[in-house]
Amino acid sequence: SMPSLLPVKDDIATIAEFLLEATNYRPSILVVCGSGLGSLSKCLENTVTIHYDDIPKFPKSTVAGHAGELVFGEIQGVQVVCMRGRFHTYEGHDIRTTTLPIRVMCMIGVKFLIVTNAAGALNDSYNVGDVMIMADHLNMPGLAGKHPLVGPNDDRFGERFTPLSDAYDVKLQNLAWRMAKQHDMTDKVRRNGVYCFVSGPTYETPTECRLLRLVGGDSVGMSTVPEVIVARHCGMKTLGLSLITNKVVMPGSQRTAIPASHQEVLDAALATQAQLEEYVRDLMIAIGTE
Ligand code: ADE
């Protein structure tokens, strides 16, 4: 059931009420568009776009490749809201701020989160352009206490202690794999991936990459995990997709490898965009009509 907007009227409730007034859409799915993946909203019809700047109390997004707007719309009767642009701790946002939109969407009734990101490949068998279905994560800042659920528990959303053994919904992972087969993408969609969350804004050193790979990491990035945690806290079912935009530089290969750059990330996202748009569109339809 939808958490009550009253009696607490904090920023989350203020924003939720604003959005319920601003549109008649009542989406069941939230799609968070990662770096260079804003075009995932393109398949939506009858769209209502709301810029973050025009939403009272909404955080401000500062990264190139992130538009900073919500796009509400529908596809085959399924109502969806896309976040084109997300918030990262490396921008200076408090970690709770980076996850505030998730709670807002929970309040307006969203039940499913499709979260995407651009990530570096730790797994040596991955190629640039691959799409990794997240099966688990490693929360490096979280293990050290930089975690979005630290502080008094907000009982409107969930309980004090949240299990994460089922953070990535197995049914949704299987659906994403079936969809990969339907789209002839089995050569580039990777199952059972482990995403490592690091704070950034620097890319990892070779030794840091070795550390993450040693514990089973397949991809590495600077987002997603705080959002997934807060989504799980409030009971949303989550599907995570990493677009591999670069291969990390491991110890010993610094002399020949190309250092990671934001331009490289955006270029790789652009190259895979069209195929990914169709893939995620069909995932939205399948999830929304289940
Ligand atoms: N985003 C894209 N590539 C990345 C990398 N190598 N490390 C962290 N975040 C990234």
Report task. Decide side chain to side chain contact (heavy atoms under 4.5 Å, CB included) for Leu30 and Phe112; before the verdict, give the C-alpha distance in whole Å, the side-chain angles of both, and the deciding distance to 0.1 Å. Result -> CA-CA 6 Å; Leu30 165 65; Phe112 295 97; over 6 Å; no
Requested in this report: Could you walk me through whether Glu227 and Val32 pass the side chain to side chain contact (heavy atoms under 4.5 Å, CB included) test, one step at a time?
Outcome: CA-CA 9 Å; Glu227 294 149 310; Val32 178; 3.8 Å; yes
Query raised in the report: In Å and rounded to the nearest 0.5 Å, what is the CD to SG distance from Glu159 to Cys234?
Result: 12.5 Å
Query - Min side-chain heavy-atom separation Thr224-Tyr195 under 4.5 Å - result: yes
Query raised in the report: About how many Å separate CG of Leu138 and CG of Leu211, when rounded to the nearest 0.5 Å?
Result: 8.0 Å
Query - Residues forming a salt bridge (Lys or Arg N to Asp or Glu O under 4.0 Å) with Lys42, sequence neighbours excluded - result: Glu277
Query raised in the report: When clusters are formed by joining ILVMFWY residues with side-chain heavy atoms under 4.5 Å apart, either directly or through shared neighbours, do Ile15 and Ile108 land in the same one?
Result: yes
**Report entry** Residues, nucleotides or ligands: over 12 heavy atoms within 6.0 Å of Leu214 CG
**Finding:** yes
Report task. Kindly indicate whether the side chain of Val280, heavy atoms from C-beta on, has any atom under 4.5 Å from the side chain of Leu241. Result -> yes
Query raised in the report: Leu37, Val128: one ILVMFWY side-chain cluster at the under-4.5 Å cut-off?
Result: no
**Report entry** Check: His51 side chain, Asp53 main-chain N or O, donor-acceptor pair, under 3.5 Å
**Finding:** no
**Report entry** Backbone of Met236 reached by a side-chain donor or acceptor of Arg232 within 3.5 Å
**Finding:** yes
Query raised in the report: Do Phe87 and Thr99 come within less than 4.5 Å of each other through their side chains, counting heavy atoms only?
Result: no
Query raised in the report: What closest approach, in Å, do Ala118 and Thr245 show between heavy atoms, and which atom pair accounts for it?
Result: CB-CG2, 3.7 Å
Report summary line: Sorted by chain and number, sequence neighbours left out, salt bridge (Lys or Arg N to Asp or Glu O under 4.0 Å) with Arg190 holds for Asp130
Report task. Identify the two heavy atoms, one from Val194 and one from Gly216, that lie closest to each other, and give their separation to 0.1 Å. Result -> CB-O, 3.4 Å
Query - Phe72 to Ile50 - nearest heavy-atom pair and separation - result: CE1-CD1, 3.9 Å
Requested in this report: Sequence neighbours left out, what passes side chain to side chain donor-acceptor pair (under 3.5 Å) with Asp184? Give chain and number order.
Outcome: none
Requested in this report: Determine whether Leu19 and Met105 make a side-chain contact, defined as any pair of heavy atoms from C-beta on separated by less than 4.5 Å.
Outcome: yes
Query raised in the report: Which residue pairs satisfy the salt bridge (Lys or Arg N to Asp or Glu O under 4.0 Å) criterion with at least one member in residues 194-209, sequence neighbours excluded?
Result: none
Requested in this report: Indicate yes or no for a side-chain donor-acceptor contact from Lys146 to the backbone of Ile95 under 3.5 Å, with no hydrogens or angles considered.
Outcome: no
Query raised in the report: Given Lys237, which of Asp166, Ile29, Ile287, Asp169 fulfils the side chain to side chain contact (heavy atoms under 4.5 Å, CB included) condition?
Result: Asp169
Query - Side-chain heavy atoms of Ile244 within contact of Val131, under 4.5 Å - result: no
Query raised in the report: Does a side chain donor of either Asn153 or His233 reach within less than 3.5 Å of an acceptor in the other side chain?
Result: yes
**Report entry** Enclosure of Asn24 CG (heavy-atom neighbours >12, cutoff 6.0 Å)
**Finding:** no
**Report entry** Inter-residue atom distance Met107.CE - Ile12.CD1, 0.5 Å rounding
**Finding:** 6.0 Å
Query raised in the report: With no hydrogens and no angle check, is any side-chain donor or acceptor of Arg26 less than 3.5 Å from a backbone partner on Thr23?
Result: yes
Query raised in the report: So, the side chain of Thr238 versus the backbone of Leu113: is there a donor-acceptor pair under 3.5 Å, distance only?
Result: no
**Report entry** Co-membership, hydrophobic cluster, residues Leu239 and Val170, 4.5 Å side-chain
**Finding:** no
Report task. Quick one: closest heavy-atom pair of Leu70 and Tyr52, and the distance? Result -> N-CE2, 3.6 Å
Report task. Take Glu69 and Asp54 through the side chain to side chain contact (heavy atoms under 4.5 Å, CB included) test and state the conclusion after the steps. Result -> CA-CA 9 Å; Glu69 60 194 21; Asp54 296 330; over 6 Å; no
Requested in this report: Answer yes or no: is there a side-chain heavy-atom contact under 4.5 Å between Val198 and Leu212?
Outcome: yes
**Report entry** Minimum side-chain heavy-atom gap Gln173-Arg191 below 4.5 Å
**Finding:** no
Query raised in the report: From Glu290 CD over to Lys111 NZ, what is the distance, rounded to the nearest 0.5 angstrom?
Result: 15.0 Å
Query raised in the report: Does one hydrophobic cluster hold both Leu143 and Leu122, with members joined at side-chain heavy-atom distances below 4.5 Å?
Result: yes
Query raised in the report: When clusters are formed by joining ILVMFWY residues with side-chain heavy atoms under 4.5 Å apart, either directly or through shared neighbours, do Phe18 and Val81 land in the same one?
Result: yes
Report summary line: Looking only at heavy atoms, the pair that brings Gly129 and Leu243 closest together is O-CD1, 3.8 Å
Requested in this report: State whether the side chain of Arg84 and the backbone N or O of Gly38 hold a donor-acceptor pair below 3.5 Å, judged by distance alone.
Outcome: yes
Query raised in the report: For Gln182, which residues count as a side chain to side chain donor-acceptor pair (under 3.5 Å) partner, sequence neighbours excluded?
Result: none
Report task. Kindly assign one of parallel, tilted or perpendicular to the pair His137 and Tyr168, based on the angle between their ring planes and the thresholds 30° and 60°. Result -> perpendicular
Query raised in the report: How many angstroms lie between SG in Cys82 and CG in Leu40, if you round to the nearest 0.5 Å?
Result: 7.0 Å
**Report entry** Worked verdict on Glu74 versus Val80 for side chain to side chain contact (heavy atoms under 4.5 Å, CB included)
**Finding:** CA-CA 6 Å; Glu74 59 192 329; Val80 177; over 6 Å; no
Query - Pairing residues for Arg213 by the side chain to side chain donor-acceptor pair (under 3.5 Å) criterion, not counting sequence neighbours - result: none
Report task. Look only at the side chain of Thr14 and the backbone of Asp10, and say whether a donor-acceptor pair between them is shorter than 3.5 Å. Result -> yes
**Report entry** Note: Lys60-Glu91 ion pair, threshold 4.0 Å (strictly below)
**Finding:** no
Requested in this report: Kindly check if the number of other-residue, nucleotide or ligand heavy atoms within 6.0 Å of CD (Glu45) is above 12?
Outcome: yes
Requested in this report: Quick one: pull up NE2 in His183 and CZ in Arg178 and give me the separation to the nearest 0.5 Å.
Outcome: 12.5 Å
Query raised in the report: Strictly by modelled atom types, are Asn117 and Ser223 linked by a side-chain donor-acceptor pair under 3.5 Å?
Result: no
Query - Atom CE of Met140 with >12 non-hydrogen neighbours under 6.0 angstrom - result: no
Query raised in the report: Within the distance-only criterion (no hydrogens, no angle test), does the side chain of Thr289 pair as donor or acceptor with the backbone N or O of Ile285 below 3.5 angstrom?
Result: yes
**Report entry** Taking every non-hydrogen atom, the tightest pair across Gly193 and Asp218
**Finding:** CA-OD2, 3.5 Å
Requested in this report: Could you tell me whether Asp154 and Arg156 have a side-chain N and a carboxylate O separated by less than 4.0 Å?
Outcome: yes
Requested in this report: Keeping the roles fixed (side chain from Thr98, backbone from Thr89), state whether a donor-acceptor pair exists under 3.5 Å.
Outcome: no
Query raised in the report: Does the side chain of Val110 come within less than 4.5 Å of Val104's, by heavy atoms?
Result: no
